[in-house]
Amino acid sequence: MPGVRVRFAPSPSGSLHVGGARTALFNWLFARGQGGRFILRIEDTDRERSSPEMVEDILGALQWLGLDWDEGPFLQSERLDRYRQVADQLLSANKAYRCSCSTAELAAKRQAASASGKPWKYDGTCCGLSSDRSAERHARGLPGVVRFKGPRDGEVAFEDRIFGRIVHQAKQIEDFVLVRSDGMPTYHLGVVLDDLDMKISHVIRGADHISNTPKQILLYRALEQPVPVFAHLPLILGPDRTRLSKRHGATAVNTYRDQGYLPSPFCNFLALLGWSPKSEVESLSTDELIHQFSLKGVNKSNAVFDLEKLSWFNSRYLRNAPAERLFPLIKVELDSEGLWNDEFDSSGRAWMMKVIDLLKQRVRMVSDFATQGRAFFTDDFAIEDKARRKFLKSEVLTVLMPELAARLESLTAFGLEETESALRTFAAEKEVKAGLLINAARALLTGKAVAPGIFEVMAALGQERTVARLSDTSWMEDEPRAGE
RNA sequence: GGCGCUAUGGUGUAAUUGGUUAACACGCUGCCCUCUCAAGGCAGAGAGUACGGGUUCGAUCCCCGUUAGCGCUACCA
């Protein structure tokens, strides 16, 4: 479908949250799949809440996700003249009027209405004012807003691509504000004009905008312009089925990035919130998402954000990714943990790849490389309590481990076969189970109760470090430290 | 309160737009593998489709009501 133009239009009043990311993703997938254009627009007309820092934050999050835009970012704050021009046009066409009701007055009326259980909607006090009179008041500098003058009867309906036909009665739509008293346009004026000017063909946004759509359609009518296709996305909720908020844990995309989640599995997971592919295969690359995405696959009911499933996607991606691709990410991680060594990228690069392949098998997030894999990157690591309790409690180990170390030291080759047969032979001689020695070695070599296969660990560590760690007897005196 | 929308296992979603033992994935349980933990393999528990009425030979699917949840109800988006 050529001519497809979609947009993502966040408000920079906070960082990009998962709901916004999902909306951006669906727009992007749609654009890419249809050969259309993806436009980025920043809706910063609320001067109180918007900040340039948040714009940067949002752009950064989109880039991280890999959602590149074809046009923009356009800032609404740079299009103020345009909004005013159209507001004036509406004013002179008698399709809008100036209103000088104060916020306090309105609040009082609203209050009174709700106290008596009556529905409230702007009562049109200023609508009746003659244009001369309101122009005069405006000229006198009386603060006020511009309101849209809506129809009193008839219905406003549209065919939502996801929700189907939505109908509202015109009489229940109030004369909403188009221009604030500070001269800034409101959301409704802004979106409609921008979507028009930017020739947006499909408005794909959160379902929280369904109720706003009729107002906007009224505006399109007043401007005598055709309306775009609307497609509203079901919302993302927290585990308790209320709107997702900080209360439920992380909501900012950047937090997930910082915790070690990766863009590809993150998008894969997000795509499945409200959308499902035709096939039963859920694990999809970004390219596959692009090819399979369609608005028809989007459902109407709200979805709960399930961290467990996200983690599964992430660990699965990590496990299957080539070490080369993971390397730069791990480098950043090790660097921030003070574990980076330039040799890892030069003489030790091949070794590094081997270690990554070993570690990636049982990792959920990138940050796990630094925690679970610490002992591979530095000799400065502690034996965690759990490993000590599980694997080092047998008395015989105090004499066996140094002996095992000596045995391994005498090996002339240090491959998987050599170390394994040496250890098993030794265990047989001493009449202990190989597992006892293996697990003790795990604790001593990695400091962890969970690690890759022990002979692979030895091979990765090398003979020298392996022997050194196994013969070091300081662990025998150490008291288990709390909190490890 | 008013208006709108939604409702399939714990979670995300399927189900030739009325005919299935209601499917898949995450999670969960057990077993196998085994040096730990994952991964993998195998087996399993878990929904009769929110509830109540219709329409129909037959409803997850169509209609009505109820309930619940969500959204809008701002000079926020």
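Chain naming here is simple, since letters A, B, ... match the order of the sequence lines and numbering starts at 1 in each. Given the structure is predicted, the values throughout are model-derived calculations rather than measurements.
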Enquirer: Can you tell me, in whole Å, how much space there is between the P of B:U6 and that of B:U13?
Expert: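 Taking atom P in both B:U6 and B:U13, they lie 15 Å apart.
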Enquirer: Angle class for the A:His232/A:Phe230 ring planes (parallel below 30°, perpendicular above 60°, tilted otherwise)?
Expert: parallel
Enquirer: Using the P atom on both, measure B:A59 against B:A68 and round to a whole Å.
Expert: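 The answer is 28 Å between these two P atoms.
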Enquirer: In whole Å, what separates the C1' atom of B:G19 from that of B:G10?
Expert: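 It comes out at 30 Å once rounded to the nearest Å.
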Enquirer: Once you measure the plane-to-plane angle for A:Trp275 and A:Phe293, does it fall in the parallel (<30°), tilted (30-60°) or perpendicular (>60°) bin?
Expert: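 Geometry flag for A:Phe293 against A:Trp275: tilted rings.
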Enquirer: Dot-bracket for RNA chain B: what is it, with Watson-Crick or G-U pairs under 3.5 Å, [ ] where a pair crosses earlier ones, and | for a pair to another strand?
Expert: (((((((..((((.....[...)))).(((((.......))))).....(((((..]....))))))))))))....
Enquirer: Enter syn or anti for the glycosidic conformation of B:G27, syn applying to angles within 90° of 0.
Expert: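 For B:G27, whose glycosidic angle is more than 90° from 0, the conformation is anti.
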Enquirer: Send over the distance from A:Arg165 CZ to B:G4 P, rounded to a whole Å.
Expert: 13 Å
Enquirer: Checking only heavy atoms, does the side chain of A:Glu282 share a donor-acceptor pair with the base of B:G12 at less than 3.5 Å?
Expert: yes
Enquirer: B:A50 and B:G2: how far apart are their C1' atoms, nearest whole angstrom?
Expert: 25 Å
Enquirer: One thing to verify: whether A:Asp153 and A:Lys171 come together as a salt bridge, which I'm taking to mean a side-chain N less than 4.0 angstrom from a carboxylate O.
Expert: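 The answer is no: the pair does not qualify as a salt bridge.
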Enquirer: Just the rounded figure in Å: distance from P of B:A22 to CD of A:Glu280.
Expert: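 To the nearest whole Å, that distance equals 16 Å.
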Enquirer: Summarise how protein sits on nucleotides 33-47 of chain B as a single string, 5' to 3': B when a protein heavy atom is under 4.0 Å from the base, S for sugar-phosphate-only contact, - for no contact.
Expert: --BBBBS--------
Enquirer: Under a 4.0 Å N-O cut-off, is there an ion pair linking A:Asp385 with A:Arg389?
Expert: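 Answer for the salt bridge query: yes.
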Enquirer: Considering residues at least two apart in sequence or located in another chain, which fulfil the side chain to side chain donor-acceptor pair (under 3.5 Å) criterion with A:Arg364?
Expert: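 None.
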Enquirer: Would you mind reporting whether A:Ser13 and A:Asp46 have side-chain heavy atoms less than 4.5 Å apart?
Expert: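 They are not in contact (no side-chain heavy atoms under 4.5 Å apart), so the answer is no.
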Enquirer: Here's a test of your reading of the structure: between A:Glu308 and A:Lys118, which maps to the more 5' nucleotide of RNA chain B?
Expert: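 Of the two residues, A:Lys118 wins.
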Enquirer: For A:Gly297, report the nucleic acid contact type (base, sugar-phosphate, nothing); a contact means any heavy atom under 4.0 Å.
Expert: sugar-phosphate
Enquirer: Is there a side chain to side chain contact (heavy atoms under 4.5 Å, CB included) between A:Asp357 and A:Lys354 once you walk through the steps?
Expert: CA-CA 5 Å; A:Asp357 280 330; A:Lys354 259 170 47 189; 5.8 Å; no
Enquirer: Please give the distance between the P atoms of B:A25 and B:C63 as a whole number of Å.
Expert: 32 Å
Enquirer: For RNA chain B, find the residues of residues 10-18 of chain A with a heavy-atom distance under 4.0 Å and give them by number; none if there aren't any.
Expert: A:Ser11
Enquirer: Phosphate oxygens OP1/OP2 of B:A77: is one of them under 4.0 Å from a side-chain N or O of A:Thr45?
Expert: yes
Enquirer: Is any side-chain N or O of A:Arg110 closer than 4.0 Å to OP1 or OP2 of B:A74?
Expert: yes
Enquirer: Would A:Phe266 and A:Tyr256 count as a ring pair (Phe, Tyr, Trp, His ring centres under 6.0 Å) if you check the C-alpha gap in whole Å, the side-chain angles of each, and the deciding distance to 0.1 Å?
Expert: CA-CA 9 Å; A:Phe266 194 79; A:Tyr256 289 92; 5.4 Å; yes
Enquirer: Restricting to non-hydrogen atoms, name the atom on A:Trp69 and the atom on A:Leu67 that form the minimum distance, rounded to 0.1 Å.
Expert: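 What the structure gives for the nearest pair is CE3-O, 3.4 Å.
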Enquirer: Quick one: A:Leu284 CG to B:G12 C1', roughly how many Å, whole number?
Expert: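 One finds 14 Å between C1' of B:G12 and CG of A:Leu284, rounded.
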Enquirer: Just the rounded figure in Å: distance from P of B:U6 to NZ of A:Lys300.
Expert: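 In whole Å, B:U6 P and A:Lys300 NZ are 5 Å from each other.
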Enquirer: Can you figure out which of B:U73, B:C75, B:G12 approaches the side chain of A:Val304 most closely?
Expert: B:G12
Enquirer: Which part of the nucleic acid, if any, lies within reach of A:Gly274 when heavy atoms closer than 4.0 Å are counted: base, sugar-phosphate only, or nothing?
Expert: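 Touches sugar-phosphate only.
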Enquirer: Would you mind checking if A:Lys109 and A:Asp123 are paired as a salt bridge, meaning a charged N to carboxylate O distance below 4.0 Å?
Expert: yes
Enquirer: For B:A38 versus B:G44, give the span between their P atoms, rounded off to a whole number of Å.
Expert: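 Between the two P atoms, the distance is 23 Å.
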Enquirer: Report the distance from atom CZ of A:Phe293 to atom P of B:U13, rounded to the nearest whole Å.
Expert: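 It is 13 Å, rounded to the nearest whole Å.
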Enquirer: Would you kindly give the OH-to-P distance between A:Tyr83 and B:A77, to the nearest whole Å?
Expert: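 Distance, rounded to whole Å: 11 Å.
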Enquirer: Could you go through A:Arg7 and A:Asp195, starting from their C-alpha distance and side-chain angles, then the distance that decides it, and tell me whether this counts as salt bridge (charged side-chain N to carboxylate O under 4.0 Å, His left out)?
Expert: CA-CA 8 Å; A:Arg7 45 61 164 192; A:Asp195 287 341; 2.8 Å; yes
Enquirer: Pick the C1' atom in B:U49 and in B:C61, then give their distance to the nearest Å.
Expert: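 About 10 Å, rounded to a whole number of Å.
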Enquirer: Classify every nucleotide of nucleotides 65-71 of chain B by which part a protein heavy atom approaches to under 4.0 Å, writing B for the base, S for the sugar-phosphate alone and - for neither, in 5'-to-3' order.
Expert: ----SSB
Enquirer: Tell me, please, whether A:Phe26 has A:Arg22 positioned over its six-membered ring: NZ or CZ under 6.0 Å from the ring centre and within 45 degrees of its axis?
Expert: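 Pair A:Arg22/A:Phe26 counts as cation-pi.
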Enquirer: Could you state the CG-P distance from A:Asp44 to B:C75, rounded to the nearest angstrom?
Expert: 20 Å
Enquirer: Would you kindly give the CZ-to-P distance between A:Phe176 and B:A77, to the nearest whole Å?
Expert: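 Those two atoms, CZ and P, are 13 Å apart.
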Enquirer: Looking at B:C75, B:A74, B:A77, which one has an atom nearest to any side-chain atom of A:Ser181?
Expert: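 The listed nucleotide nearest to A:Ser181's side chain is B:C75.
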Enquirer: How far, in whole Å, is B:U21 from B:G46 if one measures between their C1' atoms?
Expert: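 Taking atom C1' in both B:G46 and B:U21, they lie 16 Å apart.
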Enquirer: Evaluate salt bridge (charged side-chain N to carboxylate O under 4.0 Å, His left out) for A:Asp197 paired with A:Arg82, printing each intermediate quantity in order.
Expert: CA-CA 10 Å; A:Asp197 289 348; A:Arg82 173 67 174 142; 2.8 Å; yes
Enquirer: Does OP1 or OP2 of B:U11 have a side-chain N or O of A:Lys309 closer than 4.0 Å?
Expert: no
Enquirer: Does anything in residues 416-428 of chain A pair up under salt bridge (charged side-chain N to carboxylate O under 4.0 Å, His left out), and if so which pairs, sequence neighbours excluded?
Expert: A:Glu420-A:Arg424
Enquirer: Specify the closest pair of heavy atoms between A:Arg147 and A:Cys99, including all atoms of both residues, with the distance to one decimal.
Expert: NE-SG, 3.4 Å
Enquirer: Kindly say whether the aromatic ring centers of A:His248 and A:Phe305 come within a distance under 6.0 Å.
Expert: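 No: the rings miss the under 6.0 Å criterion.
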Enquirer: Using a heavy-atom cut-off of under 4.0 Å over every strand shown, decide if A:Asp46 touches base, sugar-phosphate, or nothing.
Expert: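 The residue A:Asp46 makes sugar-phosphate contact but no base contact.
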Enquirer: Would you mind classifying the nucleic acid contact of A:Leu436 as base, sugar-phosphate or nothing, using non-hydrogen atoms under 4.0 angstrom?
Expert: nothing
